[in-house]
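Contents: one structure, followed by commentary.
Atoms within each ligand, like the ligands themselves, are counted from 1 in listed order.
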Amino acid sequence: MNKPSTPPLVLITGGSRGIGAACALLAASQGWSVAVNYTRDAKAADQVVAQIRAQGGQAQSFQADVGIEADILRLFNEVDQAMGRITGLINNAGVVDVACRVQDMSWQRLERMMRINVLGSFACAAQAVKRMSTKHGGHGGSIVNLSSAAATLGAPNQYVDYAASKGAIDTFTMGLAKEVATEGIRVNGVRPGLILTDIHASGGQPDRAHQLANQVPMQRPGTAEEVAQAVVWLLSDAASYVTASMVNVGGGR
Ligand code: NAP
């Protein structure tokens, strides 16, 4: 049995940009070593790693597509070898697609959405539980899943598929949390609202967060750093009695 790494180690899927990168930097500033996963943009991941190292922290980047099971298995093995046993997982990697009505969504689109957003989170959490569970000789840990305000709003005429994938994440969070509650593992979720990241550009609406800000009670989009505060708190021992919880970070939306 490996000893837990010192400092504690967190794997962040999609840690190279946006909310994942903000979580990586904040977690590192609070004493976590960080495994930064990315799919395509190695340069962005390496910039996050360099920033953490420049501040005296430990980080390394790892390429893997969380929509592919073999990549996930390889990712966790590589992190084991290079950095040690994780005690934290942030299931952050997620995708949207272009605005579209349900009647026009292709099977291919739906399959990709569910594979990355839902199956990827399930499979990463499964690997994490195998390493963290006291039942398997682990030392416990904390998993934080990125959901979305869309899970409660449905995102009609935009991306009901994405909203439904995040609804699955809410249920997954509750179920897994209860399943492993006596095994030293806490599982929680965060529902960001409209956050200023590149994800909106990948859905064909780069200015979406600003355009819809008038629907937010606080009348502004949020930042990745504001979401990271909630994620890293849930990850930390400061949230030691918090499990099966969802935290909304949406300015009231
Ligand atoms: P983002 O800016 O688009 O960044 C996505 C990150 O995920 C990148 O690091 C990307 O890496 C990685 N990624 C994408 N597909 C991946 C895959 N198949 N396997 C591994 N990594 C992958 O996204 P974000 O806005 O920060 O969103 C992060 C999470 O918050 C997502 O789960 C999203 O659904 C959720 N969320 C965001 C908002 C918002 O308004 N921004 C609101 C609610 C919820 P590469 O660059 O290498 O591809």
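- Set against the non-hydrogen atoms of H200, the atoms of ligand 1 under 4.0 Å away are 39 (C), 40 (O), 41 (N).
- In terms of protein heavy-atom proximity, atom 46 (O) of ligand 1 is closest to R17 NE, 2.8 Å.
- Electrostatic pairing of D65 and R40 does not count as a salt bridge here, judged by no charged N lying under 4.0 Å from a carboxylate O.
- Residue contacts with ligand 1 include G193, since one of its heavy atoms falls under 4.0 Å from the ligand.
- Checking side-chain atoms of N37 against main-chain N and O of A64 turns up a donor-acceptor pair under 3.5 Å.
- At least one heavy atom of K166 sits less than 4.0 Å from an atom of ligand 1.
- For ligand 1, the polar-atom distance check finds an N/O of G14 within less than 3.5 Å of one of the ligand's N/O atoms.
- Contacts with ligand 1 closer than 4.0 Å are made by side-chain heavy atoms of N37 only, the backbone lying farther away.
- With 3.5 Å as the limit, one finds a donor-acceptor pair spanning the side chains of D46 and S61.
- Atoms of ligand 1 lying under 4.0 Å from any heavy atom of D65, numbered from 1 in the order shown and given with element: 17 (C), 18 (N), 19 (N).
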With side chain to side chain contact (heavy atoms under 4.5 Å, CB included) as the test, would you mind laying out the steps for T173 and S147 before giving the verdict? CA-CA 9 Å; T173 301; S147 173; over 6 Å; no

With side-chain hydrogen bond (donor to acceptor under 3.5 Å, both in side chains) as the criterion, how do Q127 and R131 come out once you've worked through the C-alpha distance, each side chain's angles and the decisive distance to 0.1 Å? CA-CA 7 Å; Q127 290 302 311; R131 287 159 176 79; 2.9 Å; yes

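- Under 4.0 Å from ligand 1, not a single heavy atom of S202 appears.
- Below 4.0 Å from some heavy atom of D198 lie the following atoms of ligand 1, by number and element: 2 (O).
- A side-chain donor-acceptor contact under 3.5 Å links N92 to the backbone of T13.
- A salt bridge does not link R74 with E69: every distance from a Lys NZ or Arg NE/NH1/NH2 to an Asp or Glu carboxylate oxygen is 4.0 Å or more.
- Applying the 4.0 Å criterion to heavy atoms of Y162 picks out, from ligand 1, the atoms 33 (C), 34 (O), 35 (C), 36 (N), 43 (C), 44 (C).
- Nearest to atom 45 (P) of ligand 1 by heavy-atom distance, out of L196, T39, L194, D71, is T39.
- Within the hydrophobic cluster formed by Ile, Leu, Val, Met, Phe, Trp and Tyr side chains joined at under 4.5 Å, directly or through other members, L26 is accompanied by V232.
- Checking side-chain atoms of S106 against main-chain N and O of R109 turns up a donor-acceptor pair under 3.5 Å.
- Here V247 sits in one hydrophobic cluster together with V10, I12, I19, L25, W32, V34, V36, V48, V49, I52, I90, V144, L146, V190, I195, V227, V231, W233, L234, L235, V242, V249; the rule is ILVMFWY side chains under 4.5 Å apart, joined directly or through other members.
- Between the side chain of R186 and the backbone N or O of Y241 there is no donor-acceptor pair closer than 3.5 Å.
- Residue R208 places no heavy atom under 4.0 Å from ligand 1.
- Under a 3.5 Å cut-off, the side chain of S142 and the backbone N or O of S236 do not form any donor-acceptor pair.
- Contact atoms of ligand 1 toward R40: 45 (P), 47 (O), 48 (O) (distance under 4.0 Å to a heavy atom of the residue).
- Here the straight-line distance linking atom CZ of R253 with atom CG of L194 works out to 4.5 Å at 0.5 Å rounding.
- Screening I143, L176, N91 for a side chain to side chain contact (heavy atoms under 4.5 Å, CB included) involving S121 leaves a single residue, N91.
- I199 CD1, 3.9 Å is the protein heavy atom nearest to atom 27 (O) of ligand 1.
- Interface of V95 with ligand 1, defined as ligand atoms under 4.0 Å from a residue heavy atom, comprises 15 (N).
- Heavy-atom separations between A22 and ligand 1 are all 4.0 Å or longer.
- At least one N/O-N/O distance between T197 and ligand 1 falls below 3.5 Å.
- Here the protein heavy atom with the shortest distance to atom 9 (O) of ligand 1 is S16 OG, 2.6 Å.
- Atoms of ligand 1 found under 4.0 Å from any heavy atom of I116, numbered from 1 in the order shown, are 18 (N).
- Between T13 and ligand 1, no pair of N/O atoms sits closer than 3.5 Å.
- Which of N92, I195, I19 comes nearest to atom 37 (C) of ligand 1 through a heavy atom is settled by distance: it is I19.
- Taking any N or O of V66, backbone or side chain, at least one lies under 3.5 Å from an N or O belonging to ligand 1.
- The shell of residues lying under 4.0 angstrom from ligand 1, judged by heavy atoms, excludes A21.
- Atoms of ligand 1 lying under 4.0 Å from at least one heavy atom of A64, given by number and element, are 19 (N), 20 (C).
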